[in-house]
Number of protein chains: 2
Amino acid sequence: MYPEQERFLLATDCIIFGFDGSTIKLLLIQRGMEPMKNHWSLMGGFVKRTETTDDAANRILQQLTGLQNVYLEQLHVFGKPDRDPVERTLSVAYFALIDINKYAKQITTDHNAEWFGLNELPELIFDHTEMVKMAKKQLRYKAALHPILFQLLPEKFTIPQLQVLYQGIYQSKLDDRNFSRKVLSTNLLIKLPEKEKLSSKKGAFYYKLNQSNYLENFEAFLNFIPNPDRFFKD
Amino acid sequence: MYPEQERFLLATDCIIFGFDGSTIKLLLIQRGMEPMKNHWSLMGGFVKRTETTDDAANRILQQLTGLQNVYLEQLHVFGKPDRDPVERTLSVAYFALIDINKYAKQITTDHNAEWFGLNELPELIFDHTEMVKMAKKQLRYKAALHPILFQLLPEKFTIPQLQVLYQGIYQSKLDDRNFSRKVLSTNLLIKLPEKEKLSSKKGAFYYKLNQSNYLENFEAFLNFIPNPDRFFKD
DNA sequence: CCAAAAGTGTTAGCTCTACACCCATGC
DNA sequence: GCATGGGTGTAGAGCTAACACTTTTGG
């Protein structure tokens, strides 16, 4: 035993991103416990004795969304001694990407959860605003290099839908023609016979992920975004 | 208070990289306490009540190397419940890049510390081997995109020295001619009037970092390594 | 037949890589 | 004066970005 050492509470908080077809959203809850009860907050919870922090994040995510096997990435440890006014608690922040159509609405209403646009976020408790800021940055960073944004889309999606998503993330217009060509040249997508006909007369073909190429090339660098540098100057 | 919640020990471990002019090395210590006393280990320690995890990592690093203001980056939380057999302890791993010439040798001998080549690492305690593996990967990843490797060199260095470093990290030969041109084209370096004449007859000019350009362009993507993808397939 | 969005073709300019070649110096 | 490693020049290949143009189909 290490008797002279301090022990701490340990939590995880999840920054949950979703995409509704036009904008990127964040899932927040109204905190159910004191302190700061009823204030907006990230979904979080304490790590239990037998869990890893990854386990805890997955458990919390399932509690709120009903989803399992979600894209989840450890972001950062937030550990300022006074970040929780009640008792020192360190929090491991995770960011999650989910298909907004799949989450279980019933569960979220039970938790007083709500989707917020990234530019319409309410004030958040503790250091959660800082966590969100870091997660947004990391999302941009990672998405510029690796094909993670597919995690935000349904199984079947069209290239124009994907483009809207990239444009939302980077807040800039991309050339439609070059975009579709670049995306298709990666061989990450499989063309489906059906078309999506609601948003245009011609209709756009649906695609699905080529799972094996996706997994194999996950770490390969992409280049969907021209001059990605400019988005990371802060 | 959150009375029903479990509290945990929290540690930080530092993966300390150095470069001796020809190979990349890792600083390890012989653990001074039970369990696993005298086994090789990363330098680590418990987080104190008033510290952030960053504070703890900096403190530990200074204890071992005498250095402050070192490049230090939070890597990952390692939290398997049984990773420390004595009592559950979560560890936040940090990786550090230091100028091997600057570290205080006296302090390291006091701690039974030793530099090991990356391919000659001894067996490490707990999950430290896994930590090192992740740190190596992260170092390659980050160095492919951002100019962090300068942190391993002294203030004055030559382009060929820098090239040896990159070649060591990626275990591959780079074209001398293209390398120096690429590096110089970034405007990250300032040419000094002196030459280093030990390793060649002609002598290579010393350079130093252009600090303001360095800080400003830190997040910009580099391209010193042709096809960096191939190094991340695992 | 027209409007609107999907998607293909084309080209100029740039960057990257490979490699020839020149330079400076110690011996 | 020659061997050695530092550093510059250059040309072909390949890629990118900009934009004209064709395709499809609902009204």
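Just so we're on the same page: letters track the sequence lines, and every chain starts at 1.
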- [ ] Might you work through the ring-ring contact (aromatic ring centres under 6.0 Å, His included) test for A:Y166 and A:F179, ending with a clear yes or no?
- [x] CA-CA 10 Å; A:Y166 270 89; A:F179 183 80; 5.7 Å; yes
Specify the separation, in whole Å, of atom [atom1] of [X] and atom [atom2] of [N].
X: B:I159; N: D:dT8; atom1: CD1; atom2: P; answer: 9 Å
X: B:L174; N: C:dC16; atom1: CG; atom2: P; answer: 14 Å
X: B:D176; N: C:dC22; atom1: CG; atom2: P; answer: 18 Å
X: B:E196; N: D:dT4; atom1: CD; atom2: C1'; answer: 14 Å
X: B:F205; N: D:dG5; atom1: CZ; atom2: P; answer: 19 Å
X: A:K182; N: D:dT16; atom1: NZ; atom2: C1'; answer: 7 Å
X: A:Y207; N: C:dA6; atom1: OH; atom2: P; answer: 12 Å
X: B:L184; N: D:dG6; atom1: CG; atom2: P; answer: 13 Å

TODO: Please tell me which of the listed nucleotides, C:dG7, D:dC19, D:dT8, lies nearest to the side chain of A:D175?
DONE: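 Shortest atom-to-atom distance from the side chain points to D:dC19.
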Open item on the list: Check the orientation of A:H146 and A:F221. Use parallel for under 30°, tilted for 30 to 60°, and perpendicular for over 60°.
Closed with: tilted
Task: Residue whose nearest DNA chain C nucleotide is more 5′ - A:S200 or A:R181 - done: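 The residue closer to the strand's 5' end, by nearest nucleotide, is A:S200.
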- [ ] Check whether the side chain of A:R177 and the base of C:dA5 form a donor-acceptor pair under 3.5 Å.
- [x]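 Not at all, since no donor on one side and acceptor on the other fall under 3.5 Å apart.
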Would you indicate, yes or no, if [N] has its OP1 or OP2 atom less than 4.0 angstrom from a side-chain nitrogen or oxygen of [X]?
X: A:K201; N: D:dG27; answer: no
X: B:N178; N: C:dC16; answer: no
X: A:K195; N: C:dA6; answer: no
X: A:K202; N: C:dA4; answer: no

TODO: Could you say whether A:K197 or B:S199 is positioned toward the 5' end of DNA chain D, judged by the nucleotide with the nearest heavy atom to each?
DONE: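 The residue closer to the strand's 5' end, by nearest nucleotide, is B:S199.
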Open item on the list: So, applying ring pair (Phe, Tyr, Trp, His ring centres under 6.0 Å) with B:W115, which one of B:F17, B:Y103, B:W40, B:F19 is it?
Closed with: B:Y103
TODO: Give a yes-or-no answer on whether the side chains of B:N58 and B:Y94 include a donor-acceptor pair shorter than 3.5 Å.
DONE: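 Looking only at side-chain atoms, B:Y94 and B:N58 do not form any donor-acceptor pair under 3.5 Å.
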- [ ] Quickly, which of B:T129, B:L28, B:L27, B:T12 forms a side-chain contact (heavy atoms from CB on, under 4.5 Å) with B:L42? Name it, please.
- [x] B:L28
